[in-house]
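Computation of the quantities below employed the complete heavy-atom set of this structure, encompassing side-chain atoms and omitting hydrogens, waters and symmetry-equivalent molecules.
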Amino acid sequence: MSEIEIERLIRSLGIGATYRGYHYLQYGIKLCLENEDYLLSVSKSLYPQIANHYCTSSYSVERDIRTVINVCWERGNRELLQKIAMHPLEIRPASSEFLDILTAHLKQKNIEKIFF
């Protein structure tokens with residue numbers, strides 16, 4: 001999965017690169033696409049890996065990803081998020097759920113590209 005496709009999805013959700021969380025989310029999705037086990041322990045594995053890559057703290061990564069999720073939910077393309085989630089979202093998704101939704105969508109898109 002190319003970084004351009006990840007970037008395109010994040011931007012289409014209404015999240016711009018002016019947020020630090022944008023970059024953390026992009027890298028986090030890339031890691032999750034490479035190894036889905038990151039989705040099982042977001043706080044203990046994924047955030048520290050992102051933090052290490054960007055020379056920051058896990059707390060900052062978590063906070064900044066929550067911020068971009070909130071941007072998507074409040075001012076972004078919530079309709080697209082609902083569509084790719086493939087189930088109704090009554091409340092703003094948690095960070096791990098958001099990462100799971102985006103990762104699953106990109107994986108499905110990649111499978112469709114291969115077979116169709």
Just to verify, what does [X] make a side chain to side chain donor-acceptor pair (under 3.5 Å) with, not counting sequence neighbours?
X	value
Ser12	none
Tyr54	none
Ser43	none
Ser57	Ser60

Inset, instruction - With sequence neighbours left out, write down each residue that passes side-chain contact (heavy atoms from CB on, under 4.5 Å) with Glu79, or none if nothing qualifies. - result: Asn77
Legend entry - Any pair counted as salt bridge (Lys or Arg N to Asp or Glu O under 4.0 Å), so long as it reaches residues 12-26, sequence neighbours left out: Arg20-Asp64
Legend entry - All pairs passing salt bridge (Lys or Arg N to Asp or Glu O under 4.0 Å) where residues 39-63 contributes a residue, at least two apart: Glu62-Arg66
Legend entry - All salt bridge (charged side-chain N to carboxylate O under 4.0 Å, His left out) counterparts of Arg8, not counting sequence neighbours: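 Expected list: none.
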Inset, instruction - Quick one: list whatever passes salt bridge (charged side-chain N to carboxylate O under 4.0 Å, His left out) with Glu97, sequence neighbours left out. - result: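 Residues passing salt bridge (charged side-chain N to carboxylate O under 4.0 Å, His left out) with Glu97: none at all.
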[atom1]/[X] to [atom2]/[Y] distance, rounded to the nearest 0.5 angstrom?
X	Y	atom1	atom2	value
Ile65	Leu46	CD1	CG	6.5 Å
Ile6	Leu25	CD1	CG	9.0 Å
Lys30	Glu5	NZ	CD	14.0 Å

Just so I know, are the side chains of [X] and [Y] near enough to count as touching, which here means a heavy-atom distance under 4.5 Å?
X	Y	value
Ile10	Tyr19	no
Thr103	Tyr38	no
Ile29	Leu9	no
Arg11	Tyr22	yes
Ile15	Ile69	no

Inset, instruction - Please report the closest heavy-atom contact between Ser96 and Val42, naming both atoms and the distance. - result: CB-CG2, 3.7 Å
Inset, instruction - With sequence neighbours excluded, tell me which residues meet ring-ring contact (aromatic ring centres under 6.0 Å, His included) with Tyr47. - result: none
Legend entry - Candidate list Asp37, Leu31, Leu33, test side chain to side chain contact (heavy atoms under 4.5 Å, CB included), partner Asn35, passing option: Asp37
Pairs of donor and acceptor atoms involving the side chains of residues 80-93, under 3.5 Å and at least two apart or interchain, shall be tabulated with distances.
unit_1 : atom_1 : unit_2 : atom_2 : d
Gln82  : OE1    : Leu89  : N      : 2.9
Gln82  : NE2    : Leu89  : O      : 2.9

